[in-house]
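Note on naming: letters A, B, ... go to the chains in the order of the sequence lines (proteins, then strands), and numbering restarts at 1 for each one.
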Protein chains: 2
Amino acid sequence: MRADGTTPKVNRDSTERVISHVRDLIARGELHPGDRLPAERDLSARLGVSRPTIRAGLRALAAMGVVKPRHGSGTYIPEGPPTLVTEPLRFLAALHGLTREEMYEARRVLEVSAAGLAAERASAEHVAAIAEEVASLFASIGDPVQFLVHDIRFHRAVAAACGNPIIASLVEMVAALYYEQRRETAARATDRNLRDAADLHRGIYLAIRKRDADHAKALMNRHLLHSAAYQAEEERPHPLPAGRRKPARKGRGGRVAPARSRD
Amino acid sequence: MRADGTTPKVNRDSTERVISHVRDLIARGELHPGDRLPAERDLSARLGVSRPTIRAGLRALAAMGVVKPRHGSGTYIPEGPPTLVTEPLRFLAALHGLTREEMYEARRVLEVSAAGLAAERASAEHVAAIAEEVASLFASIGDPVQFLVHDIRFHRAVAAACGNPIIASLVEMVAALYYEQRRETAARATDRNLRDAADLHRGIYLAIRKRDADHAKALMNRHLLHSAAYQAEEERPHPLPAGRRKPARKGRGGRVAPARSRD
DNA sequence: GCGCAAAAGTGGTCAGACCTCAAGGGCCCC
DNA sequence: GGGGCCCTTGAGGTCTGACCACTTTTGCGC
């Protein structure tokens, strides 16, 4: 056994110790975005736990988006703006049968507020970034796929301009689900649709530039409502698979999928 | 094994396969909140991967809050309302040096909107639940710890009453960080503080009951602004540990006034 | 029929080994 | 001398199989 005796009986939750250790490294400022974590084998020796346990902790951190392993290279902390992982939200939606309308509404709440905040305090750089995407939107009329790319970038730019990284990352998280749906129907948009959308985006941009928060919020709200309605129309015969009913079925085991041998 | 050697795609991201398998089980409606997953050893045999790999996948799902292992019993899907894990947000805050003010603001954006929605569509049960917490708040004046409990429940009830589980879970996620800070300073609140707070909560409740969304939002906004200012005052000599690399202090500061007079 | 102890089942951890991949440095060929 | 190839090194990814800790169930004895 280890002779250091630093943690005599605290064998409880070894995996949690790994996570805590990384948390400490971050809290003490020894680990920043872009940095590489110590190798798993090093951590194993350092913390006095086996490598599988280290890996379990790192896997959990990776699932939370705190860390990103690169095969053959090391485990890194992602760079760039703060980002929340969207996977949990996806599972939540599937598990509880959350509807698309609820997603749209959540997105609206966040983005409308973000637009208002952006109008109040967007920096010149942020305003310029938004302007550029508006220009690209107009330039992309006739190319729905490209239009969608700049549409997403526009909303991202607005979220970033709100000056609050937390709100921005929440917007990203919720909007990500939306974009997936969107990609499928994007190609069917007509030039008329795109032109209208571009005009709306421009209106939002102008309101932000004029520091008119109320107007920016109202326009963003209108835009998202319209967009959601359009999406819903496009996917009419497409109800969500899982129902929300209270199941409360507690069968022991045995409810496993039929084989599905290998694929 | 395949002898033809045609790039056994199976080896690609075994852990991801585990997650996908669970996702499929959920999507096909074979797994609901409260259910128990197949045992790790069973999954191992069924998916043709080793148990450590199965564990890696389950650990990732656990980190996302999709699944909750119970030692000696099994791995379960949590019951109750949809919930997002708070841990990622905590790490994000530490990594990027997010400030408490930004947290407060995010919470305000979410809860103000939630209050508005609640006013528009809260069911009778929801209104009753809110009312009960308001009553408990008044009954808890003189007991700061108990007051905090009902304070949290009040906000949770409002979030639930907004009728959108996604927004409700977002509120929970962000507010959870807030509560941790709060617990430390709660005991120092005076009866006068509590009485004022209870009155504010009651005002919010009344606005929701009267379906006055604008008033509910305004009151919630005021309440949270005041609460944040009070918190900031209480923890004055307590800056965040990890500093943001590029300070970029937003020139429009002063959101939290140094209202030292208030106490 | 009841209570308690044993047994079975399940997640948690450990050990060591082997594989694949990414990156650098040294070697060889041009 | 320079550039490209290859091997070494070190990293994460997976496997095997065993043992431990905890929960739940079972069945025995009272």
*Atom CZ of A/Arg55 and atom P of D/dG13: how far apart are they, to the nearest Å?*
5 Å

_Proximity to the side chain of B/Arg36 - top-ranked nucleotide from D/dT14, C/dT10, C/dC14_ = C/dT10

*What's the CG-C1' distance between B/Asp13 and D/dG13, to the nearest Å?*
9 Å

_Taking the minimum atom-to-atom distance to the side chain of A/Ala39, which one of C/dC14, D/dG12, D/dC15 wins?_
D/dG12

*Could you give the CG-to-C1' distance, from A/Asp42 to D/dG10, as a whole number of Å?*
10 Å

*asked:* For the CD atom of A/Gln231 and the CZ atom of A/Arg100, what is their distance to the nearest 0.5 Å?
replied: 8.0 Å

*Distance from B/Ser113 atom OG to B/Arg108 atom CZ, nearest 0.5 Å?*
11.0 Å

*When only distance counts, do a donor and an acceptor, one from the side chain of B/Arg41 and one from the base of C/dG11, lie under 3.5 Å apart?*
yes

*Report the distance from atom CD of B/Glu40 to atom P of D/dT16, rounded to the nearest whole Å.*
15 Å

*Side-chain-base donor-acceptor pair under 3.5 Å for A/Arg51 and D/dG13*: yes

*Residues in side chain to side chain donor-acceptor pair (under 3.5 Å) contact with B/Arg51, at least two apart in sequence or another chain*: B/Glu40

*Of the non-hydrogen atoms in A/Ala93 and A/Met103, which two are nearest, and what is the gap between them?*
CB-CE, 3.3 Å

*Rounded off to whole Å, could you give me the CZ-to-P distance for the A/Arg59 and D/dA11 pair?*
18 Å

*For DNA chain D, what residues of residues 67-76 of chain A have any heavy atom nearer than 4.0 Å?*
A/Pro69, A/Arg70, A/His71, A/Gly72, A/Ser73, A/Gly74, A/Thr75

*Does A/Thr53 make a side-chain N or O approach to OP1 or OP2 of C/dG12 shorter than 4.0 Å?*
no

